[in-house]
Amino acid sequence: MKYQSQSVAKLYFIAAIALFAAQILFGLIMGLQYVVGDFLFPEIPFNVARMVHTNALIVWMLMAFMGAAYYLVPEEAETELFAPWLATLMFWIFLVAAGLTVAGYLLVPYATLAELTMNELWPTMGREFLEQPTITKLGIVIVALAFLFNIGMTILKGRKTVVNLVMLLGLVGLAVFFLFAFYNPVNVVMDKFFWWWTVHLWVEGVWELILGAILAFVLIKTTGVDREVIEKWLYIIIAMTLITGIIGTGHHFFWIGTPEYWQWWGSIFSAMEPIPFFMMTVFAFNMVNKRRREHPNKVAILWALGTAVMAFLGAGVWGFLHTLSPVNYYTHGTQITAAHGHMAFYGAYVMINLTIISYAMPLLRGRNAANPPKSQIMEMWSFWLMTVSMVFITLFLTGAGILQSYLQRMGENPQSFMAVQDQIALFYWLREIAGVVFLIGLILYIASFFVGQSDPEAVAAD
Amino acid sequence: MAEAFTKSMARNIFYGGSAFFFLLFLALTFDTMGQLPNRDNRAALEGELGPVIAQGKALWENNDCIGCHTLLGEGAYFAPELGNVYKRFGNSTDAIKGFIMSRPKDGIPGRRSMPQFNFNDEELTALAEFLKYVSEINTAGWPPNIQG
């Protein structure tokens with residue numbers, strides 16, 4: 001850690017990991033509800049567990065992105081953060097708002113929460129991933145504006161690097177496209193169309209800029225490869241991301257009331273969306289192979305390479321699997337979508353955040369470069385347990401989804417939704433077991449922060 | 001990458017490419033907005049049942065129905081697709097109302113069950129009319145069959 005003010009990142013990272021744990025616990029509850037339908041009913045109905053699962057994910061992604069920005073922007077700009085106190089204040093506002101929102105989901109029926117937060121004044125609730133009360137959404141906007149101001153001023157007064165610029169572009173895009181969350185017309189087609197301007201243009205657009213910037217930063221630091229080379233790669237990767245991903249939004253406009261030409265635009269452009277992810281894989285492995293130093297933080301490099309591989313598999317390959325409209329006609333809204341969602345989010349965004357946390361946390365905790373070997377080895381175990389179990393979660397859901405598409409939509413005698421669900425229960429049980437392994441990996445991950453702390457830290461074998 | 005390919009070229013592709021395709025996306029959006037009136041069943045929203053459908057959508061949202069169901073394939077995959085439920089239930093709003101009304105308060109042992117929301121008749125009508133409105137949107141022939 002070169003600048004004192006980078007230390008605010010630590011708060012954000014700790015809260016992110018705590019929310020990650022909450023996300024996984026509620027994921028396991030939902031997974032069990034898939035096969036034991038009355039589990040925790042009616043106290044925690046499935047939709048409530050799902051809101052906690054997905055909203056905890058979104059908030060911890062945002063927390064970790066902010067933490068990453070507070071860590072890497074001052075270091076890249078070679079100056080202290082513009083206003084560290086503002087970053088700390090916004091952290092507590094964000095955490096309290098998120099905590100109250102989750103408490104609201106769990107303690108009162110959702111309709112009561114809508115009433116208590118006066119949703120009827122400006123209805124924005126009850127849409128997938130954007131379930132937060134309108135007042136929480138306004139809170140997110142305030143936190144995001146204060147954050148962007150702080151980061152923007154820091155960049156303005158310091159050195160301008162490509163990593164900082166791309167990071168800032170991604171974060172500004174994140175804030176801008178979130179504003180579509182406030183548009184909720186009665187017309188369902190218009191509602192859905194612009195809902196994707198937040199959801200798709202986040203995860204298949206501007207978030208990838210943030211991903212790329214964080215990955216580039218960690219690779220510059222850990223490999224010692226010339227910044228010029230890494231920045232060139234970064235530009236070309238994010239160029240391909242937006243060239244394919246913006247029109248690629250069309251793969252959500254096949255069956256929601258929008259014109260048929262989106263089947264062409266969406267299929268063709270989103271079929272190219274794996275390209276930037278493949279380039280990212282080639283990029284990460286190339287840079288590590290060409291490294292000019294041996295960085296002692298081996299586990300951070302493992303996470304960085306893991307991100308590059310798993311993002312390609314989850315977002316690229318599993319996305320392509322069902323993105324062509326003739327295929328999507330049968331798979332739309334089945335467990336295939338769930339399979340893709342799980343590996344894409346884990347591979348791209350969970351792993352990049354764990355990469356920056358893995359790189360930065362030892363430094364934030366006062367070490368020179370890396371954790372002691374014992375801690376790193378435990379973190380590597382957690383990497384493999386979580387990553388392999390996520391591969392299996394994805395494979396089991398894919399199996400469930402193929403059967404579901406066939407039995408419900410393709411076979412001789414199409415069967416009803418619930419009749420099909422009963423027949424594919426085996427896959428849901430296997431998914432739940434894989435989920436338990438994921439939880440064990442997460443427990444080891446958290447434990448790795450506490451083991452071997454009095455040992456001497458790992459050193460590079462140059 | 002070859003030395004002839006410089007960082008500033010990469011940067012220009014990024015800015016130029018992103019700007020071009022975002023403008024193309026805006027143009028396609030503009031065209032879509034022009035075509036929607038013929039597809040999105042807005043006549044229902046502008047008719048005398050308009051306020052009832054709007055109330056139905058508010059109820060749909062305030063009870064987070066999308067947290068279990070899909071609507072035109074979007075949402076959660078825990079419970080059946082509802083974009084075509086009006087047709088699946090024999091083009092009957094009464095059948096939809098009857099189903100929602102009949103859910104057991106404490107669920108069904110060992111199985112998934114929709115919660116009992118205790119809606120009054122006006123609310124049930126609003127939800128059913130909302131689902132009828134959605135079922136009459138032109139969705140390019142999706143879903144493949146009545147099972148959703």
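The structure presented is a predicted model; accordingly, all values stated were derived computationally and were not measured. The chains referred to below are lettered A, B, ... by the order of the sequence lines, with proteins before strands, and numbering in each begins at 1.
Using modelled atom types, one finds a donor on one side chain and an acceptor on the other under 3.5 Å when comparing A:Trp196 with B:Glu74. Under the 3.5 Å distance criterion, with hydrogens and angles disregarded, a donor-acceptor pair is assigned to the side chains of A:Tyr261 and B:Asp31. A donor-acceptor pair shorter than 3.5 Å cannot be found between the side chains of B:Thr29 and A:Trp197. For the 3.5 Å distance criterion, the side chains of B:Lys57 and A:Asn184 qualify, holding a donor opposite an acceptor.
The part of A:Asn119 that comes within reach of chain B is its side chain, from C-beta onward, which places non-hydrogen atoms under 4.5 angstrom from that chain. For A:Thr334, the part lying under 4.5 angstrom from a heavy atom of chain B is the backbone only. Contact annotation for A:Leu165: only side-chain heavy atoms (C-beta onward) come within less than 4.5 Å of a heavy atom of chain B. Contact of A:Leu201 with chain B is made through the side chain alone, with heavy-atom distances under 4.5 Å. Contact of A:Pro185 with chain B is made through the backbone alone, with heavy-atom distances under 4.5 Å. Only the side chain of A:Phe269 has a heavy atom closer than 4.5 Å to any heavy atom of chain B. When heavy atoms are compared at a cutoff of 4.5 Å, A:Leu407 does not approach chain B at all. In this structure, the portions of A:Gln33 lying under 4.5 Å from any heavy atom of chain B include both its backbone and its side chain. Proximity to chain B (any heavy atom under 4.5 Å) is shown, for A:Pro259, by both the backbone and the side chain. Contact of B:Ile146 with chain A is not made at all, since no heavy-atom distance falls under 4.5 Å. Proximity to chain B (any heavy atom under 4.5 Å) is shown, for A:Asn286, by neither the backbone nor the side chain. Heavy atoms closer than 4.5 Å to chain A are found nowhere in B:Phe20, neither backbone nor side chain. At a 4.5 Å heavy-atom cutoff, B:Ala58 makes no contact with chain A through either its backbone or its side chain. Heavy atoms of A:Val162 lying under 4.5 Å from chain B belong exclusively to its side chain. Contact of B:Met9 with chain A is not made at all, since no heavy-atom distance falls under 4.5 Å. Both the backbone and the side chain of A:Ala239 come within contact range of chain B, each with at least one heavy atom under 4.5 Å from a heavy atom of that chain. Looking at A:Tyr428, only its side chain comes within 4.5 Å of chain B, counting heavy atoms on both sides. With a threshold of 4.5 angstrom between heavy atoms, A:Phe194 approaches chain B through side-chain atoms but not through N, CA, C or O.
The candidate with the highest count of non-hydrogen atom pairs below 4.5 Å against chain A, out of B:Gly17, B:Gly67, B:Ala44, B:Gly50, is B:Gly67. Chosen from A:Val36, A:Val420, A:Ile247, the residue pairing most often with chain B at heavy-atom distances under 4.5 Å is A:Ile247. Most heavy-atom pairs under 4.5 Å with chain A: of the set B:Asn62, B:Ile13, B:Leu24, this distinction falls to B:Asn62. In terms of heavy-atom pairs under 4.5 Å with chain A, the best-connected choice from B:Gly141, B:Pro143, B:Gly110, B:Cys65 is B:Gly110. In terms of heavy-atom pairs under 4.5 Å with chain A, the best-connected choice from B:Ser113, B:Gly83, B:Ala79 is B:Ala79. Options B:Leu59, B:Ile53, B:Leu71 differ in how many heavy-atom pairs under 4.5 Å they form with chain A, and the most are formed by B:Leu71. Looking only at heavy-atom pairs under 4.5 Å with chain A, the residue among B:Cys68, B:Ala54, B:Gly75 that has the most is B:Gly75.
Heavy-atom contacts from other residues, nucleotides or ligands closer than 6.0 Å to CE of A:Met418 number more than 12. More than 12 heavy-atom neighbours from other residues, nucleotides or ligands sit within 6.0 angstrom of CD on A:Glu260. Remark: A:Tyr406 OH is loosely packed, at most 12 non-hydrogen atoms of other residues, nucleotides or ligands lying under 6.0 Å away. Counting non-hydrogen atoms of other residues, nucleotides and ligands closer than 6.0 Å to CD of B:Glu46 gives a total above 12.
In this structure a side-chain-to-backbone donor-acceptor pair under 3.5 Å is missing from A:Glu131 to B:Asp64.
The aromatic rings of B:Phe25 and A:Phe253 sit parallel, their planes meeting at an angle under 30°, below the 60° perpendicular limit. The aromatic rings of B:Phe78 and A:Tyr34 lie perpendicular to each other, with more than 60° between the two planes, well past the 30° mark.
Between A:Lys232 and B:Ala10, the closest heavy-atom pair is O-CB, 3.8 Å. In terms of heavy atoms, B:Leu45 sits closest to A:Asn187 at CD1-CA, 3.6 Å. A pairwise comparison of heavy atoms in B:Pro144 and A:Tyr329 identifies CA-OH, 3.3 Å as the closest pair. Annotation for B:Phe21 and A:Leu242: closest pair CB-O, 4.5 Å, computed over non-hydrogen atoms. Residue B:Asn63 comes nearest to A:Ala111 through the heavy atom pair OD1-CB, 3.5 Å, listed as atom of the first residue, atom of the second, then distance. B:Ala140 approaches A:Gln263 most closely through the heavy-atom pair CB-NE2, 3.7 Å.
By the side chain to side chain donor-acceptor pair (under 3.5 Å) test, B:Asn38 pairs with no residue at all, sequence neighbours left out. A:Glu128 pairs by the side chain to side chain donor-acceptor pair (under 3.5 Å) definition with A:Arg50, not counting sequence neighbours.
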Handout entry: A:Leu169/B:Phe14 under side-chain contact (heavy atoms from CB on, under 4.5 Å): CA gap, chis, key distance, verdict
Key = CA-CA 12 Å; A:Leu169 268 175; B:Phe14 168 64; 3.7 Å; yes

Exercise for the section: Decide yes or no on side-chain contact (heavy atoms from CB on, under 4.5 Å) for B:Arg112 and A:Phe46, but give the supporting numbers first. Expected result: CA-CA 9 Å; B:Arg112 302 181 201 172; A:Phe46 180 85; over 6 Å; no

Exercise for the section: Go through the steps to decide whether B:Lys7 and A:Glu231 satisfy the test side-chain contact (heavy atoms from CB on, under 4.5 Å), and finish with yes or no. Expected result: CA-CA 7 Å; B:Lys7 190 171 92 180; A:Glu231 290 175 345; 2.5 Å; yes

Exercise for the section: Take A:Val188 and B:Trp60 through the test side-chain contact (heavy atoms from CB on, under 4.5 Å) and record every step on the way to the result. Expected result: CA-CA 11 Å; A:Val188 165; B:Trp60 166 269; over 6 Å; no

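One finds the CG atom of B:Leu36 at 7.5 Å from the CZ atom of A:Phe193 (value rounded to the nearest 0.5 Å). Here the straight-line distance linking atom OG1 of A:Thr337 with atom OH of B:Tyr77 works out to 4.5 Å at 0.5 Å rounding. Within the model, atoms CG of B:Asn145 and CE of A:Met410 stand 11.0 Å from one another, a figure rounded to the nearest 0.5 Å. One finds the CG atom of B:Asn138 at 9.5 Å from the OG1 atom of A:Thr258 (value rounded to the nearest 0.5 Å). Atom CG of residue B:Leu72 and atom CH2 of residue A:Trp255 lie 12.0 Å apart, to the nearest 0.5 angstrom. Atom CG of B:Asp40 and atom NZ of A:Lys192 lie 13.0 Å apart (nearest 0.5 Å).
In summary, A:Asp422 and B:Arg111 engage in a salt bridge, as defined by a charged side-chain N under 4.0 Å from a carboxylate O.
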